[in-house]
Colleague: 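Please find one structure pasted underneath; my questions will follow.
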Amino acid sequence: MLRCVNVHKSYSLGDRKVVALRGVSLEIAEPGFYAIMGASGSGKSTLLHLLAALDRPDEGEIYIAGKPIHTLSERDATMFRRTQIGIIFQQFNLIPTLTARENVELPGMLAGTDAAWLRTRSEELLGMLGLTGRGDHRPDALSGGEQQRVAIARALLYSPPVVFADEPTGNLDSASSAKLWGLLADLAAKQRTTVVMVTHEPAAAANCRRVIVLKDGVVRGTIEVRPGERAEVRSGATSATHSENGQRENGVLDAGGVAARYQECVR
Amino acid sequence: MQAAWRLATKSVFDRPSRAVLLIATVSLSAALIAAVAFAMASLNQALAGRVEATVGTADLRVQPSGSGKTFDEAVLTAVRAWPEVASATGNLHAPLSLRFTRPQWARPDVANAKGTAEGTNVEAGADAEQFVRKSATFASSCIANGLAVGGDSARALNLLSGRLPERDNEIVLDKMLADRLSELPKSMFSAFGNTAAPKLSRGGDDTVGSVARQADAPAFVSSASEAEKLNEGAKVRVGDSVEIARLLRKNDRLEVVGIVAQPPLGGRPQAYMTFEGLAKLADQRGKLSEIEIVLRPGIDAEKTATARRTELASGLSVQTTAKITSGLDRNVRSNELGLLLASVMSFLAAAFIITTGLTTSVTEKQRELAILRCIGAERGLLGRSQLLVGVIIGGLGAVIGLPLGILAAWLILKAMQDQVPGGLAMSWLGVVLAPAGAVISGLIGAAVPAWQASRVSPLRALASRSVAPKRKWLVRCVVLGGVAIAFHLSISLLRDGQVAFWLYATMGLPAMFSGYFLLGVPAVLIVVWALGVPVSKLLGLPPSLLARTIRATPYRHGFTAGALMGGLALMVAIWTQGSSVLRDWLGKLDFPEAFVTGLNLTKDSQAKLDGLPFVTRTCAITLHPVQTDAFGVKALQRFNSTFVAFDPEPFFQMAKLTWVQGDEQTALRRLNEGGAIIVAREFLVARGLGVGGFFKCSSDGKEYNFEIVGVITSPGLDVVSKFFNVGDEYTEQSIHAVFGSRKDLSKKFESDAIHMIQIGLKPEDAPGGVSDAEAVATIQRELFDSGILDVGSGRQIKNDITTLIKGSLLAMSLIAMFAMLIACFGVANLIIAGITARQFEFGVLRAVGASGGLVSRLVLAEVVVIALAACVLGTLMGFQGAYAGRRLNELLLGLELTFQAPVGAIAIGWGIVIVMALGAAAPAVWGLSRKKPRELLAAVKG
């Protein structure tokens, strides 16, 4: 699904040159919910931007669904972002003057897709995400959680194989955040989509199948949060007992477990 | 394209108030251009109608070499015998002096005033506040035209009431003449008719008229409105009789049978009689003033004129009428070019406003644009959508502006329907130019924002980092602006007027405008550096806050100033140039102390003048038009000049000539010898023609060469003549004069007509001396029956011309103020956009302790800085424009105008700009002051 080979990236910040990634290599072979975790300045957002074809690596290779995106032209990268991937941002990034439905349909409008199909698809997505009846509201009339769900619907318009989420719960309260993580996990399972989430929160990462740990621009380790998990329907949260190291009975890590393993990686 | 269109419409209609302001800017510019185009077309139509009335369908015209003369009607018989002639018609014109006596209600002091109203029969019991009935006599001279009964020489006569004359004792008056016979003219500048004259009654309620004319009409009335009604009713109308004054003859009476519309745009008052009636009255039986010839199909008019010229008796000339109409066509073309240039400047100004508005909008929507780029919008798509925004704004501006402009033109023409009777005429140029210019200005205005939008980097725009303005763009603005301005200035260095004009019109003006627009950026920085502290103190702001704010976004502030400067620049240029014309041209003209003009004055008229006690001497003058290419833009205009003929000795004694080259003694000798002329100074300035050189001109198809024996400051005799004949010479405008002897006039141009008699007056305080006004009134009275058309004093005419020029300056200042108003719509849009873009910044200021009032005052202080920068830019640009105009005047028209800043007009202009800018910003600033900090801070989200 997704593969990086020895990716390097640096950029200028005023007079300074900042090396964000120093030879990152990783591979995600199956659909599922994955996290890239690291502290501020670890290079996680830069990596996400490269994976989402928003930027180009200085060195290295990136493949998404077998396509080499590191060699895409500006125009091809734009087309790629339009239909081959979905992007969810921390600050929702909805167009404030469009309704929720219009925001969902936006990539389709850019592509000139049939309006009737767009209407049907947007209704379907809004319904799937619990936003039935909210389609005609503008973003300022929606709660943070609702806005983020609209952003997710937009990302899923063309059912892309890969969806990237950059700290999607950064602006949400804990309850909304938990709901959203569950939603993304369900999405990955039901739609057989690869969802890659950038986060610094162990609680967020605990919902993922695997966490890739970044520090100072290099991959420091991988945490298998749900070892052996396959894409299947999960009905609600399971209550399980926790062991001392944060691992549940079924081997799944909770937030504390993720945090502990994370600390081990970055030490 | 559909996606781009949808993005564009969303962008325009999602912020309707700001879109409305930009659309208003464009629509007002389009309306201005459309109004001017339609008004010009209507004026041209009126003039064409006037030319057609003169020329008709004739191909050729035979007339005497000196105007006002007549010739034997046997010539008509001879012309009709030419085989190439299909038809020939003889016309007769003659000057007439008319009187009309009527009751008039006026206050006793006015009723007793000297002049043509004579006070008699004061009713006992009337006091000074009441309006007393008097018998008043009004007089006017006119050109009478003989109409062949049943012929078509009554072409283009627009009967307002009554009918055409059928008997020899009947007369038809034009409205100007009817007004003059009914009221004292308000000023000597009567060429446009008496503008205060109410409309003639066309029937309907005639009660007042009947009352006014009855023998038992009230002797006095108390109210001004009653008096006005009675006076109105007593004016000359169909059925009245007028008296014809004739020299040494019993005065005849003629019955008024009709009133016709006056000729468009003034000219001499006209009257119409039967051909025989006029011939008898003017003692011109068997005589004609001109013959109009229609040639058979396929006959070349120019060749016929050349071939037949020699067959005519001396003193007669034959000319193609195409020569007359071609002059009108050239003037129409030059006016259209002027309209085109004005359109370019107007729409360029609108484009600058749109550029600044849309650029601010793009900056404000960086995040939105970045989101679109992230989810798959191509660069080209974003660029195209911005261009379409420009097209939408321009298109809507055109849709609103064109009908608005046509309506404005219609209203103006309605107010001037006496002078321009034809009403509104279609202007295809206006119909195309206004909307095309609006859309193009939208496109040009959107070009930079489109480029900006297409270059949005998704990552950079999504990052919450502020970006300092790049210094390199500031340097580029300074360099590019400076180069553009220098290019405009360099055109003034050219010596060839023709090349200079075309370069200036096509490239110089737009370059200057664009250059100053770009210099708006350094201008605001300089203004805030120089005046930031006092402005901050005045508005109670912390010392460095204003300066830091301006420096953070210098381009937005600078281009707003650039958008605002245009109207002030226009005003400064108009007043600088206008004041120079008043001071350096009109001020230097030494008009004769007094003069009379007439179609064909005689030695007897001159002798009568010599007999008046306050007259020192007189000099007979002839004004003969000659063709020369000394002045004007060759492809557009051809200015003729006037050959002023006089008897040298009395002329030199009377005229206060200033010799630029040559001397009086030598000039006098050479003029008496013949073949020599003196030229006005403008010939020396424009073409380097001076003493020892030769002046070439042509008249009636013949070429003449005169030796120049002197260069003088013009005594303005040609100006005086044109003053009373405005509109008659529109087909061929003449400018400046050459001065020669009557001997040469007779020998070379075969003319001995007298058009003007220059009169020297005794000083008022000398024995027998009188005031100018008294002298004029006495001359008018004494020479009423001597064929004079107008009497005037030099001082009065100079005052009237000064008033006219100042009036024109005021009218043009209104246009400049309108331009400022247009710019203010743009400024309002920019202030709103700026506030919206900086909401988060204002939120932070509020959050850390700034009051709502301080934030509002900060925005107002920015507006003050913008307005001051606009004032500086506008003043400098106005000066530069005036300087270039001065140079072109020198090269093309020979006018030497000095440069002096009109301080008063500049001060007023500055005040208007600052007040208008603050007014435009006030609503947005008030809205900002009412917003809570939380609202402002929320602007960073989503």
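Below, chains carry the letters A, B, ... as their sequence lines are ordered, and counting in each starts from 1.
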Colleague: Side chain from CB out, backbone as N, CA, C, O: work out which of these in K10(B) comes under 4.5 Å of a heavy atom of chain A, or both, or neither.
Modeller: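 The answer is the side chain of K10(B).
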
Colleague: So what's closer than 4.5 Å to chain B heavy atoms on L98(A): side chain, backbone, both or neither?
Modeller: side chain

Colleague: Step through the shown structure and confirm whether more than 12 heavy atoms of other residues, nucleotides or ligands are within 6.0 Å of CH2 on W117(A).
Modeller: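 More than 12 within 6.0 Å, yes.
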
Colleague: For P107(A), is it the side chain, the backbone, both, or neither that has a heavy atom closer than 4.5 Å to a heavy atom of chain B?
Modeller: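 Contact with chain B involves both backbone and side-chain atoms of P107(A).
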
Colleague: In Å, rounded to the nearest 0.5 Å, how long is the span from CD of E74(A) to CZ of R379(B)?
Modeller: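 It is 4.0 Å, given to the nearest 0.5 Å.
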
Colleague: Can you find a heavy atom in the side chain of L94(A) that is under 4.5 Å from one in the side chain of I371(B)?
Modeller: no

Colleague: Against chain B, label M79(A) side chain, backbone, both or neither, depending on which of its atoms sit under 4.5 Å from a heavy atom there.
Modeller: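 Just the side chain, heavy atoms under 4.5 Å.
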
Colleague: Under 6.0 Å from the CZ atom of R134(A), do we count more than 12 heavy atoms belonging to anything else shown?
Modeller: yes

Colleague: Using non-hydrogen atoms and a 4.5 Å limit, figure out which bit of I375(B) sits close to chain A: side chain, backbone, both or neither.
Modeller: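 Contact with chain A: backbone and side chain both.
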
Colleague: Look up atom SG in C374(B) and atom CD1 in I88(A), then write down how far apart they are to the nearest 0.5 Å.
Modeller: 13.0 Å

Colleague: For chain B, which of I87(A), T78(A), T83(A) has the most heavy-atom pairs under 4.5 Å?
Modeller: T78(A)

Colleague: If you take all heavy atoms of R82(A) and A377(B), which pair is closest and at what distance?
Modeller: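 R82(A) and A377(B) have their closest heavy atoms at NH2-CA, 4.3 Å.
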
Colleague: Do you know which two heavy atoms are closest between R373(B) and R81(A), and how far apart they sit?
Modeller: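 Closest approach of R373(B) to R81(A), heavy atoms only: O-NH2, 2.7 Å.
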
Colleague: If you round to the nearest 0.5 Å, how far is OG of S457(B) from CG of D55(A)?
Modeller: 7.5 Å

Colleague: Please confirm whether the backbone N or O of E378(B) pairs with a side-chain atom of R75(A), one donor and one acceptor, at under 3.5 Å?
Modeller: no

Colleague: Taking all non-hydrogen atoms of both residues, which atom of L110(A) and which atom of L7(B) are closest, and how far apart?
Modeller: CD2-CD1, 4.1 Å

